[in-house]
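Structure, as structure tokens:
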Amino acid sequence: MSELPKQYDPKTYEQELYSAWEKAGVFKPNQTAIKEGKQPFVIMLPPPNITGSLHMGHALQDTVMDILVRFHRMLGQPTMWVPGIDHAAIATNRVLEKQLTAEGLSRQELGREAFLERAEKWYEDTGAIILDQMKRLGCSCDWTRQRFTMDTEYSRAVQEAFVRYHAKSLIYRGNRMVNWCPRCESVVSDLEIQHEQRSTRLVTLRYPLTDGSGAIEVATTRPETMLGDTAVAVHPADTRYTQAVGKTVRLPLMDRVIPVIADERIDQSFGTGAVKVTPAHDPLDAQLGETHKLPIINIIGESGALTEQAGQFAGLSVGEARKAVLKALDEQGVVVSEEDHQHAVSLCERCGTVIEPLISRQWFMDMSKLKSETISVAEQGLVKFAPPRWKKHFIEWMKSVHDWTISRQIWLGHRIPVWWKPGARGTNNEEGNYVVSVEKPEGEWEQDPDVLDTWFSSALWPFATLGWPQQSENMKTFYPTSVLVTGRDILYLWVARMVFSGLELLKDPVYERPAQKDRIPFDTVFIHPTILAKGGQRMSKSLGTGVDPLELIEQFGADATRFGLIYQTSFDQQAMKFDESAIKASRNFVTKLWNIARLIDSVEEKDVPTVADEWIRARSLTVTAEVTVLLEAYKFGEAAHVLHEFVWKDFADWYLEILKVEGSTVVARQVFTHTLQILHPFMPYVTEVLWKHFNQSDFIATSEWPAVEAAGSMAEEPMQYFQQVVETIRSARVLFNIKPNSTVDIYLDKPVFSPAAAAKMTNATLIETSTSTMRHIPLPAGGVIAIGSEEITEEGVRGAEAKLIKEQQVLKSSLVGQEKVLDGMRGKADPAVIAEKEALLTRSQERLREINKSLSLLK
RNA sequence: GCGCGUAUAGCUCAGUGGUAGAGCGCUUCCUUGACAUGGAAGAGGCCGUAGGUCCGAUUCCUACUAUGCGCACCA
């Protein structure tokens, strides 16, 4: 056994060990275990955006996954963690467009084909930096199975999914109100918009009734849309307008006659209680328009400019039009008043541009059937959530989901497998003039220029990565997967969509998966906490609150970064404020492990087990059981605390101190290597290095998780007494103001199991009989120890007396309180609890007697 | 606006129907060969505010305040 270096330097080992694991195929599913029919443990990495780099959220998420994967690997299950990346169409599209802008080119000038070539080159150049960063964290992914959502096979799966959904009428072509981003010139889904409170001007306009009986005043924050008004609506019960319903008004500027309608969806209390209706550019108005069969006048085009329908305002941007329309209205005396108003505007999540609601021909996913089955499996618990409260969120959200707009008007992404008869697309004559097919059909057809929402392809991730739509061996062995680990932000965006995709697309009899449970992509969804900056702000580069995990790895090592992150989390936590001091503390913990190993090496070989050996063995079994249970329950932070305390307090501070004097180095090594094993999922590197150091064959990464056994032991009590004696002597030094480096005489009327260790740990000499000059100190569990030292002066004794009197007083008042509590409990509380309480009281009383006794002995 | 969380030591967080715990930080002492990235001993909290249930509430309930998040078609 070679000698360990004095210091542990992570950089010396991390990369080398990682390659060694990879080379040995440690990260691949164990084929023997598969043949033996052991339950596989499978995790699909939520594919990060190819444009991204590792941030703290990833670091936590990846650590959680790696802990699970390493834990289950050690449990002997065939374990597979499939990595991959997402093409992130909208994000990449933006990057490329920026490049073009810099070159003074528009994407139209470049052309679609050249644009896509650039994209491909960009993907190649960028590579998946983030995946390499994961390797530095120590993630044990099976890199031979790495996938990209744009690779040929995957793209094929995406198109196949579209075709199959369409065949089941779950995808349809519709002309409906959508969220349009004028900057992206594309539709975006409900989940890709954000709401923001903004202050704006609420303008009240006066529309004259055509019969000359007055006018109706309507309030609006978007005066320019009045050009597309096709009605004025009021609440049927609103007496102010009863007269007007059924009449018509003359729309200013446009000189159009439009009806006054009544509808219960109008809020009487807002503004004037009357609302202008623009079915083409407002979601509520669209609904009203549908109910009341109102004409739809599109005045805003897809570029964000006003259309021909806007008459004299055609060509203006929305912003320009607002000013111009307002000015024109004002000149005609239509504007009654203006006031400041707070309201929510919809913004494009990607670029922050204000979303224009407009009616457009798009591809939609019909959610009605899909959602009911998804809700049902969640309610039945066929897909589990951890922490469990996310189940409710999931169901609630699913219940309110609308049809999903899946087409996007960008070039990058999976092209929609729909083929049009030339000239048919975008007309009122679409029906029957297209074919849905992965391959181009015979004859003259033009492929739909749109691409699919990135999430449409991500939704297929758990099975498309395993070879779907083929009925592959991988699908049979590894699907459904075990756990999906993710943040709550994509619970709806992604998780929900994977669930219904799996449920629906695996219904085909060829997959032999009639049971819902076999079609749901994962057994459990684990939602980890969101990481915030220490002050509670969102972590972001622009706010300067971001922390780079790679810098932490560089400075403290991967093990410390992982452990520190996990140490700060707890199971039911929604957000975690990141404190770098935890990483530092974990680095110290890694050092502690290192030095423990060095101490074990330096202690002379011996094998005469004492109570301490028995105690630490039992403790280690208990800890193994606890950690196992906690890991199975996704309680990673809690497990980290248990391990930290055991290693530092029990093993290092007590057990090893005793081992220096007597005991068994065999037991020490055994307990320590077991501890390394249960620490391995958290800290893969240092545990692997130390495992090898203690001459263990193979890798700790593939070693067998220690068996969980009952820890029957009689050592607890003598060990506890030993600890009390040592602590009491140490406290007594402070009490009497005795220097730590001067020896004291100690007399114990009840001996400890290892007097030599107790003596060494307290720098004391244990003597056979007490002498008259010795001072007496009570032990917490009863009994008295005598302490003698030349340094005990009258002053020291008086100081001790003062401290004891203080303790006596505290104890006395506590006793009064305890008795009062007990009085209240008698006859009302659970007898067992009362008994427990009484025992506590008795102990306090004994303690008081001891203090009184030692006070009298001090005199 | 509706919904879901959180409020405990200076900081980051556990926890319990019976007068509170950890890590870091702080104070004092210790350079005794595993570790100063260490050891020992300590200080420090009317457990957000106000009510309610109970013999008893930091813990359960209600309201409020602060803070985070999600959802939302108030023109």
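Numbers restart at 1 for each chain; the letters A, B, ... are given by sequence-line order, proteins then strands. When reading the values below, keep in mind they use all heavy atoms of this one structure, side chains included, and skip hydrogens, waters and symmetry mates.
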task = Go along nucleotides 53-58 of chain B 5' to 3' and tag each nucleotide: B for a protein heavy atom under 4.0 Å from its base, S when only backbone or sugar atoms are that close, - otherwise.
result = --B---
Please state the [atom1] separation for the pair [N] and [M] - nearest whole angstrom.
N      : M      : atom1 : answer
C55(B) : U12(B) : C1'   : 37 Å
G52(B) : C13(B) : P     : 33 Å
C26(B) : G10(B) : P     : 15 Å
C71(B) : U62(B) : P     : 25 Å
G21(B) : U58(B) : C1'   : 13 Å

Using whole Å, what does the distance between atom [atom2] of nucleotide [N] and atom [atom1] of [X] come to?
X         : N      : atom1 : atom2 : result
Lys392(A) : G5(B)  : NZ    : C1'   : 11 Å
Leu656(A) : A34(B) : CG    : P     : 10 Å
Ile600(A) : A34(B) : CD1   : P     : 12 Å
Trp390(A) : C69(B) : CH2   : P     : 13 Å
Met539(A) : C69(B) : CE    : C1'   : 17 Å
Lys584(A) : A22(B) : NZ    : C1'   : 18 Å

Is [X] touching bases, backbone alone, or none of the nucleic acid, heavy atoms closer than 4.0 Å?
X         : value
Ala585(A) : sugar-phosphate
Arg826(A) : nothing
Lys635(A) : nothing
Glu657(A) : base
Thr278(A) : nothing

task = Taking only Lys NZ, Arg NE, NH1 and NH2, and the carboxylate oxygens of Asp or Glu, determine whether Glu626(A) and Lys635(A) approach each other closer than 4.0 Å.
result =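 No, Glu626(A) and Lys635(A) are not salt-bridged.
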message = Looking at Asp559(A) and Arg587(A), is any side-chain nitrogen of the basic one under 4.0 Å from a carboxylate oxygen of the acidic one?
response = no
Parallel, tilted or perpendicular: ring planes of Phe651(A) versus Phe672(A), cut at 30 and 60 degrees =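 Judged by the thresholds at 30° and 60°, the geometry between Phe651(A) and Phe672(A) is parallel.
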Could you go over nucleotides 72-74 of chain B and give all protein N or O partners under 3.5 Å, atom names and distances?
from: C74(B); atom 1: O2; to: Asp267(A); atom 2: OD2; distance (Å): 2.5

Member of Phe526(A), Phe571(A), Trp390(A) meeting the ring pair (Phe, Tyr, Trp, His ring centres under 6.0 Å) criterion with Tyr634(A) =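 Looking at Phe526(A), Phe571(A), Trp390(A), the match for Tyr634(A) under the ring pair (Phe, Tyr, Trp, His ring centres under 6.0 Å) is Phe526(A).
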inquiry  = Just to verify, which of Phe589(A), Tyr13(A), Tyr685(A) counts as forming a ring pair (Phe, Tyr, Trp, His ring centres under 6.0 Å) with Tyr8(A)?
reply    =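 With Tyr8(A) as partner, Phe589(A), Tyr13(A), Tyr685(A) yield a single ring pair (Phe, Tyr, Trp, His ring centres under 6.0 Å), made by Tyr13(A).
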key: Presence of Lys760(A) side-chain N/O under 4.0 Å of U32(B) phosphate oxygens OP1/OP2   =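 No, because none of the side-chain N or O atoms of Lys760(A) sits under 4.0 Å from OP1 or OP2 of U32(B).
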Report yes or no: does [X] contribute a side-chain atom to a donor-acceptor pair with the main-chain N or O of [Y] at less than 3.5 Å?
X         : Y         : answer
Asn737(A) : Gly796(A) : no
Thr220(A) : Arg222(A) : yes
Ser742(A) : Ile738(A) : no

Scan nucleotides 7-14 of chain B against the protein and return all N/O pairs shorter than 3.5 Å with their distances rounded to 0.1 Å.
from: C11(B); atom 1: O2'; to: Lys534(A); atom 2: NZ; distance (Å): 2.9
from: U12(B); atom 1: OP1; to: Lys534(A); atom 2: O; distance (Å): 3.1
from: U12(B); atom 1: O4'; to: Asp579(A); atom 2: OD2; distance (Å): 3.3
from: U12(B); atom 1: O3'; to: Lys577(A); atom 2: O; distance (Å): 3.1
from: U12(B); atom 1: O2'; to: Gln568(A); atom 2: OE1; distance (Å): 3.3
from: U12(B); atom 1: O2'; to: Lys577(A); atom 2: O; distance (Å): 3.4
from: C13(B); atom 1: OP1; to: Lys577(A); atom 2: N; distance (Å): 2.5
from: C13(B); atom 1: O3'; to: Gln573(A); atom 2: NE2; distance (Å): 3.4
from: A14(B); atom 1: OP1; to: Ser570(A); atom 2: OG; distance (Å): 2.4
from: A14(B); atom 1: O5'; to: Ser570(A); atom 2: OG; distance (Å): 3.3

task = Treat a base pair as Watson-Crick or G-U wobble with both distances under 3.5 Å, then lay out RNA chain B in dot-bracket form, 5' to 3', with | for cross-strand pairs.
result = (((((((..((((.......)))).(((((.......))))).....(((((.......))))))))))))....
Please list each protein N or O that sits under 3.5 Å from an N or O in nucleotides 37-42 of chain B, with the distance.
from: U37(B); atom 1: O4'; to: Asn588(A); atom 2: OD1; distance (Å): 3.0
from: U37(B); atom 1: O2; to: Arg587(A); atom 2: NE; distance (Å): 3.3
from: U37(B); atom 1: O2; to: Thr591(A); atom 2: OG1; distance (Å): 2.3
from: U37(B); atom 1: O4; to: Gln7(A); atom 2: OE1; distance (Å): 3.0
from: G38(B); atom 1: OP1; to: Asn588(A); atom 2: ND2; distance (Å): 3.0
from: G38(B); atom 1: O3'; to: Lys592(A); atom 2: NZ; distance (Å): 3.3
from: G39(B); atom 1: OP1; to: Lys592(A); atom 2: NZ; distance (Å): 3.1
from: G39(B); atom 1: OP1; to: Trp648(A); atom 2: NE1; distance (Å): 2.4

ask   = Looking at Tyr207(A) and Pro252(A), what are the two nearest heavy atoms and their distance?
value = CD2-CD, 3.6 Å
task = Flag the pair Phe270(A) / His341(A) as yes when their ring centroid distance falls below 6.0 Å, and as no otherwise.
result =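 For Phe270(A) and His341(A), the ring centres are under 6.0 Å apart.
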key: Ring centres under 6.0 angstrom apart (His393(A), Trp397(A))   =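 Between His393(A) and Trp397(A), the centre distance exceeds or equals 6.0 Å.
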Which residues share a side-chain contact (heavy atoms from CB on, under 4.5 Å) with Ser346(A), sequence neighbours left out = Ile193(A), His195(A), Ile355(A)
